[in-house]
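Down below is the structure, laid out as structure tokens.
Note that these values count all heavy atoms, side chains included, but never hydrogens, waters or copies made by symmetry. By convention here, the first residue in the shown sequence is residue 1.
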Amino acid sequence: QVQLVESGGGLVQAGGSLRLSCAASGSIFSINAMGWYRQAPGKQRDLVATVTSGGSTNYADSVKGRFTISRDNAKNTVYLQMNSLKPEDTAVYYCNAAVVPGTGGYKWYDYWGQGTQVTVSS
């Protein structure tokens with residue numbers, strides 16, 4: 001079994017910064033892409049940013065230039081540095097990882113964290 005544990009959410013004023021962390025643990029052989037998604041009340045869950053094991057990144061247009069995703073492969077951890085936060089960034093942020101289980105092989109499985117609330121006040 002694999003667990004993803006997020007931390008770092010909270011309440012911040014517009015223009016402020018937060019850093020989210022997500023650590024994967026359990027029966028892990030390797031992790032392919034890791035990423036962050038967010039879901040605002042009444043809306044679907046949307047991509048925020050992803051990073052491959054090789055460090056290639058992808059961002060939603062709405063966060064480009066403000067958010068930075070990074071990962072520490074040795075710690076199976078992904079980070080999201082969020083700067084210049086806006087009220088529209090308010091959402092529950094979910095960590096995602098594409099994990100090859102401890103037995104190895106080529107099949108990977110999607111895992112999700114429990115979510116962490118980010119609230120940006122105007």
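Using a 4.5 Å cut-off between side-chain heavy atoms of Ile, Leu, Val, Met, Phe, Trp and Tyr, with links allowed through other members, Tyr109 and Val2 fall into the same hydrophobic cluster. Residues Tyr94 and Trp108 fall into different hydrophobic clusters, defined by Ile, Leu, Val, Met, Phe, Trp and Tyr side chains chained together at heavy-atom separations under 4.5 Å. Tyr79 is not connected to Ile69 by any chain of hydrophobic side-chain contacts under 4.5 Å among Ile, Leu, Val, Met, Phe, Trp and Tyr, and they are in different clusters. In terms of hydrophobic clustering, with Ile, Leu, Val, Met, Phe, Trp and Tyr side chains grouped at heavy-atom distances under 4.5 Å, Val78 and Ile28 are assigned to a common cluster. No chain of hydrophobic side-chain contacts below 4.5 Å, direct or via other Ile, Leu, Val, Met, Phe, Trp or Tyr residues, connects Val51 to Tyr37.
One finds the CG atom of Leu80 at 10.0 Å from the CZ atom of Arg19 (value rounded to the nearest 0.5 Å). Between atom OG of residue Ser62 and atom CG of residue Asp89 there is a gap of 7.0 Å, rounded to the nearest 0.5 Å. Atom OG1 of Thr57 is separated from atom CZ of Arg71 by 12.0 Å, given to the nearest 0.5 angstrom. Rounding to the nearest 0.5 Å places SG of Cys22 at 11.5 Å from CD of Gln3. Here the straight-line distance linking atom OG1 of Thr50 with atom CG of Asn58 works out to 4.5 Å at 0.5 Å rounding.
Taking 4.5 Å as the limit, some side-chain heavy atom of Trp36 sits within range of a side-chain heavy atom of Cys95.
Contact between Val63 and Val48 at its shortest, heavy atoms only, is CG2-O, 3.6 Å. Taking all atoms of both residues into account, the shortest heavy-atom contact from Ala14 to Ser122 is CB-CA, 4.4 Å. Looking at every heavy atom in both residues, Leu20 comes nearest to Met82 through CG-CE, 3.8 Å. Among all heavy-atom pairs drawn from Gln117 and Val92, the shortest one is OE1-CG2, 3.2 Å. For the residue pair Ala97 and Ile31, the shortest heavy atom distance occurs at CB-CG2, 4.1 Å. Heavy-atom minimum distance, Phe29 versus Pro101: CB-O, 2.7 Å.
Judged purely by atom type and a 3.5 angstrom limit, Asn73 uses its side chain to pair as donor or acceptor with the backbone of Ser53. Side-chain atoms of Thr90 come within 3.5 Å of backbone atoms of Val120 as a donor-acceptor pair (strictly under, hydrogens ignored). Judged by distance alone, the side chain of Tyr59 and the main-chain N or O of Arg66 form no donor-acceptor pair under 3.5 Å. Side chain of Gln13 to backbone of Ser121: no donor-acceptor contact under 3.5 angstrom is found. Although no hydrogens or angles enter the test, the distance criterion places a donor-acceptor pair under 3.5 Å between the side chain of Glu6 and the main chain of Gln114.
Ring pair Phe67/Tyr93 is tilted by interplanar angle, where 30° to 60° counts as tilted.
At a cut-off of 3.5 Å, with distance as the only test, a side-chain donor of Asn83 or Ser17 sits close to an acceptor on the other residue.
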